[in-house]
Q: 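Following this message is one structure expressed as structure tokens.
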Amino acid sequence: MKTTTQKLMELYNAMHRFFGPQAWWPGDGPLEVMIGAVLTQNTNWKNVERAIDNLRKKNLIDIEKLVQLDTNELAELIRPAGYFSVKAKRLKNLIHFIHENYGGDLQRFFELSVTQLREELLSVNGIGYETADDIILYAACKPAFVVDTYTYRIMLRHLLISQDDDYMAIKALFEDNLPADVELFNEYHALLVAVGKNYCKKTNPLCEKCPLNPYEHDPNLPEYL
Ligand code: SF4
């Protein structure tokens, strides 16, 4: 009987063979990646890029400058990312937090352990589990597995989690059974997104063409995600 580690690695290897390396995260430098992580919620990456471009053009990828920037002005600049008022407040909260507690020194902040970093990020109003893990993995380059809707859907259909499992339980499935390897976590998440977007649709998953079809799954499991 296969262990969970073997099952997870089988899925990973099949996706990796099929799609090739995904080389996420798009972004230039840790601050920009962190900003992208806040802006990417409920929108696609193209919209995030347009918002980040607006900040770049004004030379605002800078903690000191973002601290000084008026929240409404920030909201206008990140408008392409959607929910711009809420996201502007979240971004300001995060930037202020780093400014006040770490002197605006992102590297100093990122020197914390994964557990401390996560606690600190989650203490910021508006930063949830997924955003915190995105920041830890892609900006701080530390091993935190990012869980999203695609992860939930694919793992559920592949019978590796149950319907009631929450974010932390799904995250533990990966973190407890895979080596704490930044590159592996980075690629694994990106590959799940590729399968989710292209094959594991909410309704009518395209199992026959999917690289994960040879592995045990039940495509008839819930379509509500
Ligand atoms: S599309 Fe089918 S084979 Fe592919 S991940 Fe979803 S359930 Fe698995």
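Here, residue 1 is the first one in the sequence, and each next residue gets the next number. Below, all heavy atoms of this structure are taken into account, side chains as well, without hydrogens, waters or symmetry copies. Both counts, for ligands and for their atoms, begin at 1 and track the order of listing.
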Q: Near Asn213, which atoms of ligand 1 are under 4.0 Å from a heavy atom of that residue?
A: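 Contacts of ligand 1 toward Asn213, numbered from 1: 3 (S).
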Q: Are Phe185 and His189 an aromatic pair, judged by ring center distance below 6.0 Å?
A: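 No: the rings miss the under 6.0 Å criterion.
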Q: Considering the heavy atoms of Val195, write down every atom of ligand 1 situated less than 4.0 Å from one of them.
A: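 In order of numbering, the contacting atoms are 5 (S).
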Q: Using a 4.0 Å cut-off to any heavy atom of Arg157, which atoms of ligand 1 qualify?
A: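 Under 4.0 Å from Arg157, ligand 1 has these atoms: 7 (S).
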Q: Take Leu91 and Thr71 through the side chain to side chain contact (heavy atoms under 4.5 Å, CB included) test and state the conclusion after the steps.
A: CA-CA 9 Å; Leu91 200 48; Thr71 307; over 6 Å; no
Q: Can Arg90 be said to sit on top of Tyr83's aromatic six-ring, NZ or CZ under 6.0 Å from centre and within 45° of the ring axis?
A: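 Verdict for Tyr83: no cation-pi partner in Arg90.
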Q: State plainly whether the residues Glu76 and Arg79 are in salt-bridge range, i.e. N to O under 4.0 Å.
A: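 Yes, Glu76 and Arg79 are salt-bridged.
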Q: If you measure from atom 4 (Fe) of ligand 1 to every heavy atom of Cys210, Pro214, Cys207, Cys200, which option wins on shortest distance?
A: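 Looking at heavy atoms only, the winner is Cys210.
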Q: Report yes or no: does Glu187 contribute a side-chain atom to a donor-acceptor pair with the main-chain N or O of Pro21 at less than 3.5 Å?
A: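 Such a contact is absent between Glu187 side chain and Pro21 backbone.
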Q: Going by the atom numbers of ligand 1, which of them fall below 4.0 Å from some non-hydrogen atom of Leu212?
A: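 This gives 3 (S), 5 (S) as the contact atoms.
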Q: Run the numbers for me: atoms of ligand 1, each under 4.0 Å from some heavy atom of Tyr199, listed by number.
A: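 Taking each heavy atom of Tyr199 in turn, ligand 1 has 1 (S) under 4.0 Å.
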Q: Decide, counting backbone as well as side-chain atoms, whether His217 has an N, O or S atom less than 2.8 Å from atom 8 (Fe) of ligand 1.
A: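 Coordinating: no.
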Q: Under a 4.0 angstrom heavy-atom cut-off, which atoms of ligand 1 come close to Pro205?
A: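 Those of ligand 1 that fall under 4.0 Å from Pro205 are 1 (S).
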Q: Taking only Lys NZ, Arg NE, NH1 and NH2, and the carboxylate oxygens of Asp or Glu, determine whether Asp53 and Arg50 approach each other closer than 4.0 Å.
A: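 The answer is no: the pair does not qualify as a salt bridge.
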Q: What protein heavy atom sits nearest atom 8 (Fe) of ligand 1, and how far away is it?
A: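 Sorting protein heavy atoms by distance from atom 8 (Fe) of ligand 1 puts His158 NE2, 2.3 Å first.
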Q: Hey, are Asp148 and Thr151 close enough side-chain-wise for a donor-acceptor pair under 3.5 Å?
A: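 Result is yes, a qualifying pair exists.
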